[in-house]
Amino acid sequence: MIQDIIKAQLANALQQLYKADAGSQGIVIEETSPDYEGDFTFVVFPYLKVSRKNPEQTASEIGNYLKVTFTELESFNVIKGFLNLSVRTDYWLNFLFENYQKENFGKAEPNSKQAVLVEYSSPNTNKPLHLGHIRNNLLGFAVAQILEANGNIVKTCNLVNDRGIHICKSMVAWMQLGNGETPESSGLKGDHLAGKYYVEFDKQYKKEIESLRLSGMSIEDAEKKAPSIIAAQDLLVKWEAHDPETIRVWKTMNDWVYAGFDETYKKLGVRFDKFYYESNTYLLGKEIVQEGLINGVFFKKDDGSVWIDLTEDGLDQKLVLRADGTSVYITQDLGTAELKYKDFGCERSIYVVGNEQDYHFKVLKLIASKLGKKYAPGIYHLSYGMVELPHGKMKSREGTVVDADDLIAEMEHTAAETTKALGKMEGESEADLAILYHTIGMGALKYFLLKVDPKKKMMFNPEESIDFQGNTGPFIQYTHARIRSVLRNAAGFNKNSFDPKAVVLSKVEKELLVKMYQYPLVIAEAAKDLSPGVLCNYVFELAKIYSLFYHDHPIIKEPNPDQKTMRLFSCELTARIIKSAFGLLGIQVPEKM
RNA sequence: GGUCUCUUAGCUCAGCUGGAUAGAGCAACGGUUUUCUAAACCGUAGGUCGAAGGUUCGAGUCCUUCAGGGACUACCA
């Protein structure tokens, strides 16, 4: 990379001129701001102490030194303490020529880096997926893809929360009110059917609490004594005792939900290497408790419950095993971590889970490391922010959710309307159009969710539809479609005649080349930060520069064959990068739209 | 109460380990199509980066305090 060469050159210059031992690692250069002439900028302020000259003199001195030693340097200019360096045009043209037809440009050597396990999605099986889950799924998928492109070996898994009191609530309501309703008989998708009874349960439960309260009971008591909740708790006990009828209903309902999830996952385009089910893992972790007791990490209270004291680490005491010997959430997760390590052998393990569980994962990692687990340092909670509506957080029970399937359907619908209104796709088959609408609708939705920093909470207003113009998925997809159209029209053009010396680069043309040159670095940065947003920003900037280039320069009609070739190569590489980057984000790009 | 976190244009968001005059998109207003796809391009307007101190050559970025949001602080998962 040219950046490394520049840094080495600068380090050498500082050494020779001022005897400053910076080492190329310590040198920082940045992209020159567009308002100034140059490609890269070196800020000399930190080195005034060693140069003992004013900023301008120092920068000029370094610039003049580089002019002699650095052959790729075209020119330089100095403004205050900023040394702006321009790289020779040849360098960028050679880059283009060498890479324009590389299928995997930007991606690191596959399987060249550490193995990583990414756990994401992890749904509850009592209700359908909503917008928050979509964010989780897209993030998990994109992060896995990005890590893979970065050279990591990546495995993905999904820990399905298929048991517990919330599942029993749906079951109770269905058993009492369902009259044997099934997805077939109701025409409802399985997960939506289960969700319907989850809501039914809550309605009935609330009514019961209300009437108990009217009869003089306190709220706390009413919440515990309401017949519905008692029924649900009974059911949980029966489930744990493997009562055949309970297990049968549980299995039936869960299977409906899985069929529903499967459909939604397909529409979202996410996949998993392995599914874990909590019904199989919820008893895990007890051996670890024993282990911790033996080596003194845990302690037992008089009632028999087992705890860990994390007060030294600024946290509280935390229960790891109940007095009756049953495990709690953290116990299970410790056990599951062990299981995952056994299954995949990944020392690095990423959990894509909402930021409401920051505390839990802090504790998990801390306990694992106190237990001396090899995988403890590699536990990483990719803590993403909630998706909020104008009224606040989404709550399934209260029906204030943006349903995943509804939203996907709406996005496809809007894509169809917009496409029809533009009228460019007339004559295409219905089947092709359906695929296109899905591609564009999902492109808009995915880009919308992925472009914001995962760590930050984000706002979604259902009243305002997601844009298809500007900084959006469809704009970038459109840029790709446009390039493909140019390349189709240019088919048959003889690309052999390419003499770099006969080419002149305009400002935009050069900007485009420099932008494309950055792609490998952007993948590495996105992987380092586990942030698909970095990639979104990059590909948007690329598409913008391309659009300007396209607007200002003829491509097919360019008379100079070398210039024309250079432009076609630029088109080709831009299209490849857009397709590649969007691929990592899980977004398809159309040939026409 | 304690811990964590957020606050940048009317709205939604960028801003890399401190660097030049704080950037996009949407919304508003005006312009560009006999020419390779106008889901595009160009322009105008819009900001005391929540507030106040501090650190230094330099702070949206680091530190402190305060204000206002949010999350967590379950023998629920």
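Bear in mind that the values here come from a model prediction, so they are computed numbers and not experimental data. Within every chain, numbering begins at 1; the chains are lettered A, B, ... in the order of the sequence lines, protein sequences first and strands thereafter.
Annotation: B:rU37 and B:rA20 have their C1' atoms spaced 39 Å apart (nearest Å). The P atoms of B:rC16 and B:rA59 are separated by 16 Å, rounded to the nearest whole Å. Going from the C1' atom of B:rU44 to that of B:rA52 covers 35 Å, rounded to whole Å. A distance of about 24 Å separates the C1' atoms of B:rG69 and B:rC26, rounded to the whole Å.
A:Tyr550 comes within contact range of at least one nucleobase, with a heavy-atom separation under 4.0 Å. Within 4.0 Å of A:Thr419, counting heavy atoms only, lies at least one base atom of the nucleic acid. Within 4.0 Å of A:Val534, counting heavy atoms only, lies no atom of the nucleic acid at all.
With distances taken from any side-chain atom of A:Ala481 to the nucleotides B:rA77, B:rC75, B:rU37, the minimum falls on B:rU37. The side chain of A:Gln469 approaches B:rA40 more closely than any other nucleotide in the set B:rA20, B:rA40, B:rC76. Residue A:Asn161 places its side chain closer to B:rA77 than to any other of B:rU21, B:rA77, B:rC13. Side-chain proximity of A:Ile556 to the nucleotides B:rA20, B:rC26, B:rC36 is greatest for B:rC36. Considering only the side chain of A:Tyr478, B:rU37 comes nearest among B:rU37, B:rA77, B:rU73. Nearest nucleotide to the side chain of A:Ser547, out of B:rA40, B:rC72, B:rC26: B:rA40.
Contact annotation: side chain of A:Thr41 to base of B:rA20, donor-acceptor pair present below 3.5 Å. Judged by distance alone, with hydrogens and angles left aside, A:Asp303 brings a side-chain donor or acceptor within reach of the base of B:rC75, the pair sitting under 3.5 Å.
Under the Watson-Crick or G-U wobble criterion, with both distances below 3.5 Å, B:rU17 is left unpaired in every strand shown. When Watson-Crick and G-U wobble pairs are counted only if both distances are under 3.5 Å, B:rU55 pairs with no nucleotide at all. Nucleotide B:rG43: paired with B:rC29 (Watson-Crick or G-U wobble, both distances less than 3.5 Å). Across all strands shown, B:rU7 pairs with B:rA67; the Watson-Crick or G-U wobble distances both stay below 3.5 Å. The partner of B:rU34 is absent, by the rule that a Watson-Crick or G-U pair needs both atom distances under 3.5 Å.
Taking the side chain as every heavy atom from C-beta outward, A:His553 and A:Val508 approach each other to under 4.5 Å.
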